[in-house]
Amino acid sequence: MKYFIANLSVHLVVTLLLIILIVVFTNRNKRGSTKHSFTYFLPFILSAVAVVYMVIYTAPRLLDLTDVTNQNYYSYTGFVEEIAPLNNYIVIDGTTYYINPLRDLPIEGSYVRVRYTTYSKYAIEVSFMEEVNVDDSVIEEMQTANMD
C-alpha cells in the first residue's frame with residue numbers, strides 16, 4: 001500500500017508540474033513575449049499531454065484511493081504472460097496489472113491469483129496457485145453420485 005501511495009503522489013506531482021507549465025507559457029503568450037512560433041503553441045500541446053496523462057495515470061489512481069483505504073479489492077486467477085522490463089507491471093491473460101517492482105515477482109507462465117484495485121489495476125497481492133487438473137472420470141463419478 002505504501003508503494004501505491006508513493007506512485008499516486010508522483011503522478012499527482014507530474015500532473016501539477018504540467019499544469020504549472022501550461023500557466024507559465026499561457027502567461028507568456030498573453031504578454032506577447034513569445035519569440036518562436038513553436039512556443040506559442042506549447043500551451044496547447046501541454047494541455048493535450050496533461051489531459052491524456054490525467055486520464056491514463058492520475059485519475060484511475062485517485063478513484064482507487066477509496067478502494068485501497070477500505071481494502072476493497074477484486075480478484076482474478078490466471079497465467080502470467082509477460083513481465084515488464086522494469087518489473088513494474090505484469091500481464092495476466094491479456095490484462096495489465098501494475099505491481100510493486102521491489103516484491104517477489106512471478107515467473108512467466110506461472111499460475112497466479114492477483115488481488116487488484118478497480119480502475120488502475122494496481123495489484124495489491126500476487127500469490128502463486130497450483131494448477132488443478134480434473135479428469136473426466138472424476139467429473140463422471142461426481143455426476144453419478146449426484147444422480148443417486
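In this text the structure is predicted, and so the values were computed from the model without any measurement.
Linking Ile, Leu, Val, Met, Phe, Trp and Tyr whenever their side-chain heavy atoms come within less than 4.5 Å puts Tyr122 and Val91 in one cluster. Criterion: ILVMFWY side-chain heavy atoms under 4.5 Å apart, direct or through other members. Under it, Leu62 and Ile124 are part of a common hydrophobic cluster. In the hydrophobic clustering of this structure, Ile83 groups with Val126; members are Ile, Leu, Val, Met, Phe, Trp, Tyr whose side-chain heavy atoms approach within less than 4.5 Å, directly or through other members. Val52 is not connected to Val55 by any chain of hydrophobic side-chain contacts under 4.5 Å among Ile, Leu, Val, Met, Phe, Trp and Tyr, and they are in different clusters.
Taking the side chain as every heavy atom from C-beta outward, Leu8 and Leu65 approach each other to under 4.5 Å. Residues Val80 and Ile107 have side chains not in contact (no heavy-atom distance under 4.5 Å, counting atoms from C-beta outward). Between Ser127 and Val112 the shortest side-chain heavy-atom distance does not fall below 4.5 Å. For the pair Met129 and Phe79, the minimum side-chain heavy-atom distance is 4.5 Å or more.
Put simply, OH on Tyr57 and OG on Ser120 are 12.0 Å apart, with the number rounded to the nearest 0.5 Å. In this structure, Ser110 OG and Leu105 CG are separated by 10.0 Å, a value rounded to the nearest 0.5 Å. For the atom pair CZ of Arg28 and OG of Ser33, the computed distance is 6.5 Å after rounding to the nearest 0.5 Å. Separation of atoms OG1 (Thr34) and CG (Asn27) is listed at 12.0 Å; rounding is to 0.5 Å. The distance from atom OH of Tyr3 to atom CZ of Arg103, rounded to the nearest 0.5 Å, is 10.0 Å. Here the OG1-OH distance, from Thr117 to Tyr74, works out to 10.0 Å after rounding to the nearest 0.5 Å.
In this view, Tyr76 and Ile92, Asp93, Tyr97, Val114, Tyr116 satisfy the side-chain contact (heavy atoms from CB on, under 4.5 Å) rule, not counting sequence neighbours. Taking Asn100 as the reference, nothing meets the side chain to side chain donor-acceptor pair (under 3.5 Å) condition, with sequence neighbours excluded.
Counting side-chain heavy-atom gaps under 4.5 Å among Ile, Leu, Val, Met, Phe, Trp and Tyr, the cluster of Leu63 also holds Tyr119.
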Extract all donor-acceptor atom pairs below 3.5 Å that involve side chains of residues 38-48 and protein atoms in other chains or at least two apart in sequence.
from: Thr39; atom 1: OG1; to: His36; atom 2: O; distance (Å): 2.8
from: Ser47; atom 1: OG; to: Pro43; atom 2: O; distance (Å): 2.7

Pairs of donor and acceptor atoms involving the side chains of residues 9-23, under 3.5 Å and at least two apart or interchain, shall be tabulated with distances.
from: Ser9; atom 1: OG; to: Ile5; atom 2: O; distance (Å): 2.8
from: His11; atom 1: ND1; to: Tyr53; atom 2: OH; distance (Å): 2.5
from: His11; atom 1: NE2; to: Asn7; atom 2: OD1; distance (Å): 2.8
from: Thr15; atom 1: OG1; to: His11; atom 2: O; distance (Å): 2.8
from: Thr15; atom 1: OG1; to: Thr58; atom 2: OG1; distance (Å): 2.9

Requested in this report: Check the pair Thr118, Asp64 against side-chain contact (heavy atoms from CB on, under 4.5 Å), reporting the backbone distance first and the verdict last.
Outcome: CA-CA 6 Å; Thr118 310; Asp64 282 341; 3.9 Å; yes
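Across Tyr89 and Glu82, no two heavy atoms sit closer than the pair OH-OE2, 4.0 Å.
The list of salt bridge (charged side-chain N to carboxylate O under 4.0 Å, His left out) pairs with a residue in residues 115-124, not counting sequence neighbours, reads Arg115-Glu125.
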